[in-house]
Amino acid sequence: QVQLVESGGGLVQAGGSLRLSCAASGRTFSTYVMGWFRQVPGKEREHVASISRYAFSTIYSDSVKGRFTISRDNAKNTLYLQMNNLRPEDTAVYYCAAATRAALTTSQKDYAYWGQGTQVTVSS
C-alpha cells in the first residue's frame, strides 16, 4: 500500500500560480503511475494530469494543457503539480492518486490509492 498526503492548496487570484505537492509513503513510490484529479461539489471528479513511473511520459486534460505541469521526484517520494495562469474554473479540491497498472492512464478506476485532497480557490 501507499499513503498519500497533498499540500500546497490555497486562495489565489486569477492569473496567479500555485504548486501542489503529494508526499507518498509505504511501498516504493516509483512503482506507481501517479495522477492528479479534481472535483467541484456536485460534479464528477475529473482527471487533470498523469505521469508515468519514471516521468518519461505525461498526459493532461485539455482544460489545463499548457498551464499545468505534472512532475515527480522518486528520490523524495513526491508528486507535484505546478499550476500557472490559474482561472476561476480551476477552483476545486485536488487529489493525488496512485495507479498500480504499468501503463499511463487517465481512468479513475485504475487508481487504487487516493489522498485526502487539498482545496484550490481561484478568485476573479
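These numbers come from a predicted model, not from an experiment.
- V33 places none of its side-chain heavy atoms less than 4.5 Å from the side chain of R101.
- Follow the hydrophobic side-chain contacts under 4.5 Å out from L104 and you never reach V64; the two are in separate clusters.
- Side-chain atoms of Y60 come within 3.5 Å of backbone atoms of I70 as a donor-acceptor pair (strictly under, hydrogens ignored).
- Side-chain heavy atoms closer than 4.5 Å link hydrophobic residues (I, L, V, M, F, W, Y) into clusters, and following such links, even through other members, never connects L4 to Y111.
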#### Entry: Worked verdict on T78 versus D73 for side-chain hydrogen bond (donor to acceptor under 3.5 Å, both in side chains)
CA-CA 5 Å; T78 305; D73 186 334; over 6 Å; no
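- In this structure the side chain of F29 reaches within 4.5 angstrom of the side chain of M34, judged on heavy atoms.
- The side-chain hydrogen bond (donor to acceptor under 3.5 Å, both in side chains) analysis of residues 89-98, with sequence neighbours excluded, yields the pairs R38-D90, R38-Y94, R67-D90.
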### Task
Begin with the C-alpha distance, continue with both residues' side-chain angles, and end with the deciding distance and a verdict on side chain to side chain contact (heavy atoms under 4.5 Å, CB included) for Y32 and R53.
CA-CA 6 Å; Y32 297 100; R53 293 185 290 184; 5.6 Å; no
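- Residues E46 and Q108 approach most closely at N-NE2, 4.1 Å, considering heavy atoms.
- Aromatic pair F37/W114: ring centres closer than 6.0 Å.
- With contacts defined as side-chain heavy-atom distances shorter than 4.5 Å, the pair T106/I59 qualifies.
- The hydrophobic clustering, which links ILVMFWY residues whose side-chain heavy atoms are closer than 4.5 Å, places V48 and L18 together.
- A 4.5 Å side-chain heavy-atom check between R72 and Y80 finds every atom pair outside the cut-off.
- When atom types are taken as modelled, the side chain of Q82 and the backbone of T69 share no donor-acceptor pair closer than 3.5 angstrom.
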